[in-house]
2 protein chains.
Amino acid sequence: MVSESAASLHDEVVAFLRRYIIEDNLAEGERIPEKILCEQLGVSRTPLREALKVLASEGLVDLLPNRGARVRSLRPEDIRELFEVLAGLEAHAGRLACQRITDEQIAAVEALHLEMYSAFISRDMTAYFGLNQRIHRMILDAAGNKALELAHQNYASRVQRLRFHANRTKEWDRWSQAMREHELILAALVERDGHRLAEILVEHLMNKCAAAMDVGRMAGKGAGSGM
Amino acid sequence: MVSESAASLHDEVVAFLRRYIIEDNLAEGERIPEKILCEQLGVSRTPLREALKVLASEGLVDLLPNRGARVRSLRPEDIRELFEVLAGLEAHAGRLACQRITDEQIAAVEALHLEMYSAFISRDMTAYFGLNQRIHRMILDAAGNKALELAHQNYASRVQRLRFHANRTKEWDRWSQAMREHELILAALVERDGHRLAEILVEHLMNKCAAAMDVGRMAGKGAGSGM
DNA sequence: TCAACGAAAAATGAATGCAAAACGGAGCCA
DNA sequence: TGGCTCCGTTTTGCATTCATTTTTCGTTGA
């Protein structure tokens with residue numbers, strides 16, 4: 001095991017495997033023999049199997065009876081469904097955020113937005129990507145609902161693998177479109193227009209979805225940016 | 001073990017325990033010794049422990065390190081958060097349903113709605129309750145998104161215990177209000193007005209939430225209906 | 001040649017065993 | 001009486017073991 005926190009072995013294995021899968025280190029659909037993973041992680045089969053059950057219930061892996069675990073493969077249909085769930089969660093987060101966000105928080109989002117804009121201008125994709133995530137997380141945070149945050153994280157992690165899969169090739173069109181959408185997001189937030197924000201967030205996410213589906217189709221050939 | 005399907009022991013235990021907890025057969029916050037449950041279910045500790053980990057990841061139980069499992073206790077704050085998540089999911093389901101629902105499905109909902117109305121008129125709470133659930137499930141179904149349906153089920157099950165807890169005392173005011181809300185729901189659905197439907201569903205659910213919070217406060221003394 | 005069969009090997013599902021941590025209560029002291 | 005410590009018991013976390021199923025692969029026979 002790599003990490004050595006105070007958490008139980010089980011939790012460490014879950015955290016490690018979740019990250020490992022999200023970061024696309026395991027081939028989708030390929031069988032994952034327990035023995036191999038046990039040796040790699042240095043734990044016995046018991047905590048590993050517990051972890052796999054949990055990940056299966058999270059939807060990250062499939063657990064076929066007597067035939068082991070494999071990374072759940074996402075058909076385009078599944079990807080659409082996951083993004084729709086995410087859109088629903090994020091839209092509601094936006095609505096709640098507009099009711100609850102403080103002026104300070106709005107100022108913080110604005111600051112991040114400007115920073116992201118310069119990253120966009122200077123074509124710094126990595127910085128852009130990170131700032132983008134921070135903005136969305138900040139909206140979630142402003143919604144003041146830990147359960148909602150957790151649910152969002154959960155579903156986000158299930159599609160995140162697709163973005164890792166894509167080698168972050170920059171599709172200029174999609175990127176500038178995403179930037180425009182972010183302008184609208186900020187505007188709605190500043191006006192505390194919950195319905196409008198929800199609407200934009202859904203559209204923003206479903207556009208991401210389209211990009212991710214491209215990735216799914218091209219199977220790692222490097223199309224789609226997932227911004 | 002009660003059930004004897006072809007599923008693995010693990011899955012049976014998960015299903016049984018989930019239902020057992022949702023139906024409020026275990027005191028909230030009370031320690032659940034593994035040994036007792038094992039004997040009751042007739043399984044060894046391994047599948048039981050796997051099941052508990054899964055239920056913990058679903059948020060139904062708390063798993064304190066070295067101190068066993070207990071049914072997660074919901075503070076009013078938690079209840080609000082869960083209902084908000086549900087509201088977000090159901091609102092988006094409503095939006096999608098308006099885009100995708102067929103005329104036949106609308107007719108089916110209308111039929112159920114009328115049936116529910118007569119249950120309401122004749123004060124048949126049990127019938128009303130069942131029809132109410134069927135209508136909401138039908139909207140979820142019309143959204144055409146299995147993942148969304150699953151997420152909804154998941155979060156619904158986490159608060160369902162509260163309704164079981166309430167002895168279904170009929171609060172006439174809340175009941176007639178819920179019936180009025182259902183009129184609006186149907187109207188929005190017929191007009192396929194997604195935004196309006198989403199709005200009503202959120203309000204409908206947050207009213208349910210208020211009722212559930214009453215239940216939480218009165219701790220089973222029988223207030224709140226959870227309609 | 002190749003499809004079908006079958007036994008050996010390997011993987012999974014579940015039970016048991018063992019060490020460490022938490023619980024509980026008797027005894028002790030203020 | 002009330003609170004503390006200490007020690008035996010119970011419970012939990014994890015490793016190991018056993019039973020069953022699946023997979024592999026060599027063999028056979030058409």
Side-chain angles (χ1 to χ4, degrees), chain A residues 1-21 25-73, chain B residues 1-21 25-73:
Chain A
M1 205 64 209
V2 182
S3 149
E4 59 279 290
S5 79
S8 73
L9 205 41
H10 160 83
D11 291 321
E12 282 186 52
V13 174
V14 170
F16 178 87
L17 272 184
R18 191 188 288 120
R19 189 181 189 85
Y20 202 68
I21 292 171
N25 295 109
L26 288 168
E28 168 177 303
E30 192 189 333
R31 188 169 187 169
I32 316 167
E34 293 177 1
K35 206 179 162 198
I36 308 284
L37 278 180
C38 285
E39 285 165 7
Q40 256 177 331
L41 299 180
V43 300
S44 77
R45 283 178 57 220
T46 308
L48 178 80
R49 285 172 55 75
E50 289 174 352
L52 286 175
K53 303 275 186 189
V54 169
L55 294 176
S57 93
E58 283 180 16
L60 278 174
V61 306
D62 281 323
L63 228 48
L64 310 178
N66 291 315
R67 296 157 131 255
R70 51 205 68 198
V71 175
R72 174 165 298 181
S73 57
Chain B
M1 204 68 209
V2 182
S3 148
E4 59 279 291
S5 78
S8 74
L9 207 40
H10 160 85
D11 291 320
E12 282 186 51
V13 175
V14 170
F16 179 86
L17 272 184
R18 189 188 289 120
R19 188 180 189 86
Y20 203 67
I21 292 171
N25 295 109
L26 289 169
E28 169 177 301
E30 192 189 334
R31 187 168 186 171
I32 316 168
E34 293 177 1
K35 207 180 161 196
I36 307 286
L37 276 181
C38 284
E39 286 165 6
Q40 257 178 332
L41 299 180
V43 301
S44 77
R45 281 178 57 220
T46 306
L48 178 79
R49 285 172 55 72
E50 288 174 353
L52 285 175
K53 303 276 188 190
V54 169
L55 293 177
S57 92
E58 283 180 16
L60 279 174
V61 305
D62 281 323
L63 228 47
L64 308 178
N66 290 314
R67 294 149 141 259
R70 54 204 68 198
V71 174
R72 175 164 297 180
S73 56

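FYI, side chains are in, hydrogens and waters are out, and symmetry mates aren't considered; it's all heavy atoms of this structure.
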Name the atoms and distances for all side-chain donor-acceptor pairs under 3.5 Å in residues 25-33 of chain A, with sequence neighbours left out.
unit_1: A:E28; atom_1: OE1; unit_2: A:R161; atom_2: NH1; d: 2.9
unit_1: A:R31; atom_1: NE; unit_2: A:R67; atom_2: O; d: 3.4

Protein-nucleotides 8-11 of chain C N/O pairs under 3.5 Å:
none

## Note on the structure
Between CG of B:D11 and P of C:dG13 the distance, given in whole Å, is 10 Å
### Task
Evaluate the side-chain proximity of B:L60 to B:L17: yes if any heavy-atom separation is below 4.5 Å, no if none is.
no
### Residues from residues 53-62 of chain B lying under 4.0 Å of DNA chain D - heavy atoms
none
### Query
When the distance from CZ of A:R45 to P of C:dA14 is rounded to whole Å, what number comes out?
11 Å
## Note on the structure
At a 4.0 Å cut-off to heavy atoms of chain A, the contacted part of DNA chain D spans D:dC14 to D:dT23
Could you go through residues 46-59 of chain B and list every donor-acceptor pair under 3.5 Å that involves a side-chain atom there, pairing it with any protein atom two or more places apart or in another chain?
unit_1: B:R49; atom_1: NH1; unit_2: B:E34; atom_2: OE2; d: 2.7
unit_1: B:S57; atom_1: OG; unit_2: A:S57; atom_2: OG; d: 3.3
unit_1: B:S57; atom_1: OG; unit_2: B:V54; atom_2: O; d: 3.0
unit_1: B:E58; atom_1: OE1; unit_2: B:R18; atom_2: NE; d: 3.0
unit_1: B:E58; atom_1: OE2; unit_2: B:R18; atom_2: NH2; d: 2.7

### Query
Just how far is it from atom OG of B:S73 to atom CG of B:D62, taken to the nearest 0.5 Å?
6.5 Å
### Message
Quick check: on DNA chain D, is the nucleotide nearest A:N66 upstream (toward 5') of the one nearest A:P47, or the reverse? Name the residue that is more 5'.
### Response
A:P47
## Note on the structure
A:E50 atom CD is separated from C:dA15 atom P, nearest whole Å, by 14 Å
### Euclidean distance, atom CD1 of residue A:I32 to atom C1' of C:dT12 [Å, nearest integer]
14 Å
### Query
Within the pair B:R67 and C:dA21, is there a side-chain N or O less than 4.0 Å away from OP1 or OP2?
no
### Task
Name all residues meeting the salt bridge (Lys or Arg N to Asp or Glu O under 4.0 Å) criterion together with A:R70; count only those two or more places apart in sequence or in a different chain, and write none if there are none.
none
### Message
Would the base of C:dA15 count as contacting B:T46 through its side chain, where contact means a donor and an acceptor less than 3.5 Å apart?
### Response
yes
### Task
Give the rounded distance in Å between these two atoms: CG of A:L48 and C1' of C:dG13.
14 Å
